[in-house]
Undergrad: 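Have a look at this one.
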Amino acid sequence: MEAFLDNCAKAIVAGDGGGAERLAGEALGSGLSLLQVIEEGFVRGIREVGRLWEEGEIFLPELVMGAEAMKKAMTVLQPALEGSDEAQESLGRIVIGTIEGDIHDIGKTLVATMLSANGFEVTDLGTDVPVARFIDEAEARNADCIAISALLTTTMNGQKRVIDELVKRSMRDKVKVMVGGAPCNEAWAKEIDADGYAGDAVSAVALAKGLAGKA
Amino acid sequence: MEPVVLEGFDITIERGEVLRLLGQRPETGRDSGERLHEAVHEALSRVGALVSPKGIYTVTAGTELPGSSYFDELERVAFCVCTIGPAVEEEVTALSGRGELLRAVVLDSVGSVAAEATADYMDRRIQGEAAREGLKTSCRASPGYGDWEIREQGAIFELLPTGRIGVRLTPSFMMVPRKSVSFAVHIAKKPIRMRGENSCRNCDITDCPYRLLE
């Protein structure tokens, strides 16, 4: 059992998608608690990936491979989990997208993948997302947090407009807002009254957990 | 002068440069392993079919840049927009949509290097033209870098009929396709050192993972 969970974690750290998928498949017919396999196996692996990233031990490709392996394992496990009486505790619901006028995609997708890999329920709205759509989707999904990416000095102001619109709709105290993207920083987040700034996918997970009170 | 359109030229995509964008530093032993190298190899072997390098440039007096005074003191400036076309980024989006993030990230980096290589090619052509008249060119400067405002991207697009190479500008001054480069170079006997020129040496972000080691 311990060895099996270790192998699950190791497959994620090694970014071994094929291995992670195979182990997830083995877990299905094993009678093991799938929740335990996820939490003490695969999620432990992705947390380790985050730690290695923070310590500068690994770089973007390994982070991506880890996230991809996690996704493969969860694609196998999620349907089985939904059909069982076990329920994975969600860390919270996050609506994420790149702000209107901006079509940068890949950084935001990586943040969404890491949030999801770490146990958040993530709705990725894509790129060029209008201010109102962020809020409509957050409302419809009863989201805890909106994550807004902006990669240009000309589009980052859209992050502020989302917050202004939340205030206007009297929703600001119901939903947290986190911002990221090349031109953003802590000072910008503070200036526009966002709840936090994250500079990369790993710190975005830490920030989201903090905002959800699950750090 | 009438704008010059160039297309159908070959570019060389340096593998080492792709690896640098992906955070690899062989000189310091930083290496993400075999699977990354396989992904880079795969992306490089298929990217030829996805890139379609094109560029357009014109040479004019600095005062001719519409609505801008940034180059007013310069007698001759070449303004250029170039692109590798939309196919690489369409494939990147398709890959990431299928959850193939590593392949997406790697192909995206290959596309960025290809766009720079396209700008290098255009730059060399402009240099060659200048050399025929015994003139030299400065380093490239691009809107959004240094103190040249990104809003001035609009001025370059007003000057050049970029529709001829399939590049347009969004209202937020972002080029579509994304894998496009716009730049200016000063042409003179003794060209100025461009403000905001493309040099890691002048940048304060000394721990940037993309910083070129000297």
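Excluded from the calculations below are hydrogen atoms, water molecules and symmetry mates; all remaining heavy atoms, backbone and side chain alike, are included. In what follows, chains carry the letters A, B, and so on, assigned in the order in which the sequence lines appear, proteins first and then strands, with residues in each chain numbered from 1.
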Undergrad: Output the option from A/P61, A/G15, A/G126 having the highest count of non-hydrogen pairs under 4.5 Å with chain B.
TA: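 Highest number of pairs under 4.5 Å: A/P61.
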Undergrad: Between chain B and chain A, going by a 3.5 Å limit, which atoms form donor-acceptor pairs, if any?
TA:
| residue | atom | partner | partner atom | Å |
| --- | --- | --- | --- | --- |
| B/S32 | OG | A/E62 | OE1 | 2.5 |
| B/S32 | OG | A/E62 | OE2 | 3.3 |
| B/R35 | NH2 | A/A14 | O | 2.8 |
| B/R35 | NH2 | A/G15 | O | 2.4 |
| B/L101 | N | A/E68 | OE1 | 2.9 |
| B/L102 | N | A/E68 | OE1 | 2.6 |
| B/S172 | O | A/T154 | OG1 | 2.7 |
| B/S172 | OG | A/G101 | O | 2.5 |
| B/R178 | NH1 | A/I103 | O | 3.0 |

Undergrad: Given a strict heavy-atom distance threshold of 4.5 Å, which part of B/I150 is in contact with chain A: side chain, backbone, both, or neither?
TA: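 The side chain, not the backbone.
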Undergrad: Output the distance between atom CG (B/L101) and atom CE (A/M114), rounded to the nearest 0.5 Å.
TA: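 One finds 10.5 Å between CG of B/L101 and CE of A/M114.
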Undergrad: Heavy-atom pairs under 4.5 Å with chain A are the metric here; pick the option from B/L102, B/V105, B/L36, B/V92 that has the most.
TA: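 The option with the most such pairs is B/L102.
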Undergrad: Return the set of residues passing ring-ring contact (aromatic ring centres under 6.0 Å, His included) with A/F4 (not counting sequence neighbours), or none when no residue passes.
TA: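 Residues passing ring-ring contact (aromatic ring centres under 6.0 Å, His included) with A/F4: none at all.
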Undergrad: Can you tell me which portion of A/A150 sits under 4.5 Å from chain B's heavy atoms? Options are side chain, backbone, both or neither.
TA: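 Neither part; nothing is under 4.5 Å.
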Undergrad: Can you tell me which of B/P171, B/A39, B/G99 forms the most heavy-atom pairs within a distance under 4.5 Å of chain A?
TA: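 Heavy-atom pair counts peak at B/G99.
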Undergrad: Give, as side chain, backbone, both or neither, the part of A/I103 having an atom under 4.5 angstrom from any heavy atom of chain B.
TA: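 Contact with chain B involves both backbone and side-chain atoms of A/I103.
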